K.L.:
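This structure is in C-alpha cells; I'll ask about it shortly.
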Amino acid sequence: MASKDRILRLKEETRCNILDASLQIVKEEGWQALSMRKIADAIEYTAPIIYEYFSNKEAIIIELTRKGYLILSRDLQEAKSKHRLPAKQLEAMWIAYWNFAFANKELYQGMFGVSTNCSCEMVNNLPEADMPWDIFTEVIGELIGITDMESEIICKKYYTFWSVVHGLVSINLLSRGFSDEMNRQVLKDAIGGIIRTIND
C-alpha cells in the first residue's frame, strides 16, 4: 500500500513539475515559445514522458488555465469576505481581479486569450471558468435585489463591469496604458460609476 501511495505521489509531483516548468517557459519566453520538447528539456525528462501526463500542449494550457481560475476565485472570495455591504464587496472584488491579472499575467493571458491563441471553447467548458461569474453575480444580485442569477439585468451589469475591467487590463498587458496610479484611479472611477447606476 505504501508503495502504491509513493508511486501516486511521485506521479503527482512529476505532473506539477511539468506545469511549473511550462509556466516558467511562458514567463521567460511567452506563450508562443511553449513546446513539449522545451518542457522536457527544462525538467530533464524525455518528451515521451511528458506525453504520458498530457496528450499535447493544449492540454497543458488548459490545465494552467484551470489553475488560473482557481486562484482568481480564491482571491475574489477573500476580497468579498472583507466587506459586508455588496457595493463595497464589488469594488474590492474587481480590484482583486485587477491585482490577479498583473500578479499572474501569463495565466491571465491564457485564460482570456490575450497575446495567446487560446482554445476559447475548451476554456469556456471548464467548470472553473464559471466560478468568478458565480461569485460576482451573487453580489450583483444582492445589490440589485434579484435572486435569479440568470436574470438579464444581472448578466448585463456583470458584462458591463467585466468589459471595462478586462479592457483596461488588456490595454495594460499590451503596454499601452498609463501609470499604475492613473490606471487604479480609472479602475476605481469606472467601478464606482457602474455601482452608482445600479443604486440609482
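Just so you know, these numbers use all the heavy atoms, side chains as well, and skip hydrogens, waters and symmetry mates. A quick note: this is a predicted structure, and the numbers were derived from the prediction, not measured.
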K.L.:
If you draw a 6.0 Å radius around NZ in Lys57, do more than 12 non-hydrogen atoms from other residues or ligands fall strictly inside?
P.N.:
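Correct, the count exceeds 12.
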K.L.:
Is it the case that atom CG in Leu70 sees more than 12 heavy atoms from other parts of the structure closer than 6.0 Å?
P.N.:
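Yes, enclosed.
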K.L.:
Evaluate the ring planes of Trp133 and Tyr158, with Trp represented by its six-membered ring, and classify them as parallel (under 30°), tilted (30 to 60°) or perpendicular (over 60°).
P.N.:
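If you compare the ring of Trp133 with that of Tyr158, the planes turn out perpendicular.
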K.L.:
Step through it carefully: locate the ring centre of Trp162, locate the ring centre of Phe112, and say whether they are under 6.0 Å apart.
P.N.:
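Distance test on ring centres: under 6.0 Å, yes.
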K.L.:
Among side-chain atoms of Lys157 and Thr197, is any donor-acceptor pair under 3.5 angstrom?
P.N.:
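Note: Lys157 and Thr197 side chains meet the donor-acceptor criterion.
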K.L.:
Under a 3.5 Å cutoff, is there a donor and acceptor pairing between the side chains of Gln185 and Asp189?
P.N.:
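There is such a pair (donor and acceptor under 3.5 Å, judged by atom type) between the side chains of Gln185 and Asp189.
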K.L.:
Determine whether Ile39 and Ile18 make a side-chain contact, defined as any pair of heavy atoms from C-beta on separated by less than 4.5 Å.
P.N.:
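Answer yes - side chains close enough.
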K.L.:
Could you go through the side chain to side chain donor-acceptor pair (under 3.5 Å) check for Gln24 and Glu28 one step at a time?
P.N.:
CA-CA 6 Å; Gln24 193 57 42; Glu28 290 171 4; 2.9 Å; yes
K.L.:
Does the gap between the ring centers of Tyr53 and Tyr45 come in under 6.0 Å?
P.N.:
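Centroid separation for Tyr53 and Tyr45: 6.0 Å or greater.
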K.L.:
Pick one: which of Trp98, Tyr97, Trp31 meets ring-ring contact (aromatic ring centres under 6.0 Å, His included) with Tyr108?
P.N.:
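Of the listed residues Trp98, Tyr97, Trp31, the ring-ring contact (aromatic ring centres under 6.0 Å, His included) partner of Tyr108 is Tyr97.
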K.L.:
Does atom CD of Glu181 have more than 12 heavy-atom neighbours, drawn from other residues, nucleotides or ligands, at distances under 6.0 Å?
P.N.:
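Not more than 12 within 6.0 Å, no.
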K.L.:
Linking I/L/V/M/F/W/Y whenever their side-chain heavy atoms sit closer than 4.5 Å, directly or via other members, would Leu143 and Leu85 fall into one cluster?
P.N.:
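No, no single cluster joins them.
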K.L.:
Decide yes or no for Gln89 and Phe136: does some side-chain heavy atom of the first lie under 4.5 Å from some side-chain heavy atom of the second?
P.N.:
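No, too far: nothing below the 4.5 Å cut-off.
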K.L.:
Answer yes or no: is there an ion pair linking Glu63 with Arg66, defined by an N-O contact shorter than 4.0 Å?
P.N.:
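A salt bridge links Glu63 with Arg66.
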K.L.:
Which heavy atom of Ile43 sits nearest to which heavy atom of Asn17, and what is that distance?
P.N.:
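Result for this residue pair: CG2-O, 3.7 Å.
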K.L.:
Would you mind checking if Lys80 and Glu138 are paired as a salt bridge, meaning a charged N to carboxylate O distance below 4.0 Å?
P.N.:
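Looking at Glu138 and Lys80, the cut-off is met.
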K.L.:
Using every non-hydrogen atom in the two residues, find where Lys38 and Ala33 come nearest and quote the distance to one decimal.
P.N.:
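Heavy-atom minimum between the residues: CD-O, 3.5 Å.
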K.L.:
Can you check whether Tyr159 and His166 have ring centres sitting under 6.0 Å from each other?
P.N.:
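Aromatic pair excluded; centres sit 6.0 Å or further apart.
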K.L.:
Decide whether Val186 and Phe161 are clustered together by the hydrophobic rule: side chain heavy atoms of Ile, Leu, Val, Met, Phe, Trp, Tyr closer than 4.5 Å, transitively.
P.N.:
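In one cluster: yes.
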K.L.:
Going by atom types only, do Asn99 and Asp75 share a side-chain donor-acceptor pair under 3.5 Å?
P.N.:
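Asp75 and Asn99 do not have a side-chain donor-acceptor pair below 3.5 Å.
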